Amino acid sequence: MWIGLFLDLVMYPILLACYFMGKNYKKEEKGLCFAVTLPGERMQDARVQAVGEAYRKQMRRILIFLLIFPLPFLFTGYFSINFLAWTIWFVLMVVLLMLPWARAHKKLLVLKCTEGWQSELPEGTDTEDAYWKWGLCYYNPDKTVSSVETRVGVGTTLNMARPWAKLLGIFCLLVVLAMPVFGGYCVAEEFTPLFLTVQKECVEAGQFRDTYRIPVKSIESMELLEELPKMSKSSGTGLDNLRKGTYHIRNQGKCQVLYHPKNQKFIYIKTVDQTYYLSGETDEETVQVYQEISGLQEE
């Protein structure tokens, strides 16, 4: 699946970019260390250096963990498992890379306060440390500005005290948290078995949350196939072990499909207004249903 390949190729570079950006925790020219304003000479204080060294060690451990975590899932052969692993990995990356920074930021704030370093700063120095939550998010309800210069990296960041910025932040958080949920949905869809039965003179074919019900009397023609025509997906699912949804066949038009692509037996059904290509979970199930439909048609 090209989506799986795309994830494999882009996720590690994202991790490395975040890691190396996080290593630049000092802005000497602005007197910032972990987004805390410090007097220039205090940048070399042994306690400040110890905070930085602890941060670097934590970041290296997190980097190694995040590099190793996805590897077992890359070779499963199942797109949904690969996708779920990467979505969990992405959430872990966002959270784990933030924790050492937030911890270091808090330690420096406490150290600055207990040692009275605030009084050593030149007059007029920007000391809005209290408004930088975890050293990452700017939250100042007393300012009407929508954005300020970031203390992490380059560019600007939003003032999260503004109502629209809060809504945007909540939306982004929900998107991140929804990613593993969607990954779990993909796993459920890929590993839920197909079913194909005849109930009360009605053919029922389904999988997970989708079910086709075809009255036997509405069937104009039917055939047991050992080979399917070439078709392309219009909408639906196209996994290695599942084809489901609306597909298109050249010179024939659209059809509804629900079958296991690795099977050898398939049922072609033509009704007044629709065409279906179906299979059960196994070839034996497909052949049995075909025979049951044929028997009902002969009655």
Side-chain angles (χ1 to χ4, degrees), residues 1-5 73 76-87 178-299:
M1 298 292 294
W2 69 268
I3 297 180
L5 179 60
F73 304 99
T76 62
Y78 294 102
F79 163 75
S80 62
I81 292 179
N82 192 2
F83 182 75
L84 176 62
W86 279 121
T87 56
M179 290 172 62
V181 176
F182 181 67
Y185 176 90
C186 292
V187 171
E189 183 172 57
E190 184 166 11
F191 286 92
T192 300
L194 302 171
F195 70 84
L196 181 64
T197 61
V198 179
Q199 300 287 342
K200 298 180 179 179
E201 297 190 354
C202 183
V203 181
E204 292 190 359
Q207 190 269 349
F208 198 38
R209 300 177 60 184
D210 300 288
T211 301
Y212 297 130
R213 291 180 176 84
I214 311 168
V216 173
K217 291 182 179 180
S218 70
I219 298 176
E220 293 185 338
S221 61
M222 180 182 67
E223 186 178 352
L224 184 64
L225 305 176
E226 295 186 357
E227 185 177 354
L228 291 171
K230 292 183 179 181
M231 57 181 72
S232 58
K233 182 179 68 175
S234 297
S235 63
T237 303
L239 301 172
D240 291 340
N241 64 340
L242 175 65
R243 298 287 192 274
K244 179 174 67 172
T246 303
Y247 278 61
H248 183 272
I249 301 175
R250 188 176 181 181
N251 299 325
Q252 294 186 33
K254 293 183 179 181
C255 62
Q256 299 300 311
V257 308
L258 181 59
Y259 64 85
H260 196 306
K262 296 182 180 179
N263 285 4
Q264 302 298 318
K265 303 290 184 181
F266 310 92
I267 300 177
Y268 162 79
I269 293 177
K270 171 73 174 171
T271 65
V272 175
D273 53 4
Q274 193 58 267
T275 300
Y276 300 88
Y277 290 89
L278 310 172
S279 85
E281 187 67 19
T282 64
D283 289 334
E284 291 76 13
E285 181 182 351
T286 303
V287 172
Q288 180 181 348
V289 169
Y290 176 79
Q291 293 172 346
E292 290 179 15
I293 299 173
S294 298
L296 290 172
Q297 288 181 320
E298 292 174 358
E299 292 180 358

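The structure presented is a predicted model; accordingly, all values stated were derived computationally and were not measured. These numbers come from the heavy atoms of this one structure, side chains and all, not from hydrogens, waters or symmetry mates.
Applying the ring-ring contact (aromatic ring centres under 6.0 Å, His included) definition to pairs two or more places apart or across chains, those involving residues 199-236 are Tyr185-Phe208, Tyr212-Tyr276. Sorted pairs that involve residues 245-257 and meet salt bridge (charged side-chain N to carboxylate O under 4.0 Å, His left out), not counting sequence neighbours, are lacking altogether. The salt bridge (charged side-chain N to carboxylate O under 4.0 Å, His left out) analysis of residues 193-208, with sequence neighbours excluded, yields the pairs Glu204-Arg213.
Among residues two or more places apart in sequence or in another chain, the side-chain contact (heavy atoms from CB on, under 4.5 Å) test is passed with Asp283 by Asn263, Gln264, Lys265. The side-chain contact (heavy atoms from CB on, under 4.5 Å) test applied to Lys270 returns Glu220, Ser221, Tyr268, Thr275, not counting sequence neighbours. Residues satisfying the side chain to side chain donor-acceptor pair (under 3.5 Å) test with Ser80, not counting sequence neighbours, are Glu190. By the side-chain contact (heavy atoms from CB on, under 4.5 Å) test, Gln252 pairs with Ile249, Tyr277, sequence neighbours left out. Not a single salt bridge (charged side-chain N to carboxylate O under 4.0 Å, His left out) links Arg209 to another residue, sequence neighbours left out. When the salt bridge (charged side-chain N to carboxylate O under 4.0 Å, His left out) test is applied to Glu189, the partners found at least two apart in sequence or on another chain are Lys244. Here Gln288 pairs with Glu292 under the side-chain contact (heavy atoms from CB on, under 4.5 Å) rule; sequence neighbours left out. Qualifying ring pair (Phe, Tyr, Trp, His ring centres under 6.0 Å) partners for Tyr290, counting only residues two or more places apart in sequence or in other chains: none.
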Mind listing the side-chain donor-acceptor pairs of residues 191-198 below 3.5 Å, one per line with the distance, residues two or more places apart or on another chain?
{"unit_1": "Thr192", "atom_1": "OG1", "unit_2": "Ala188", "atom_2": "O", "d": "2.4"}

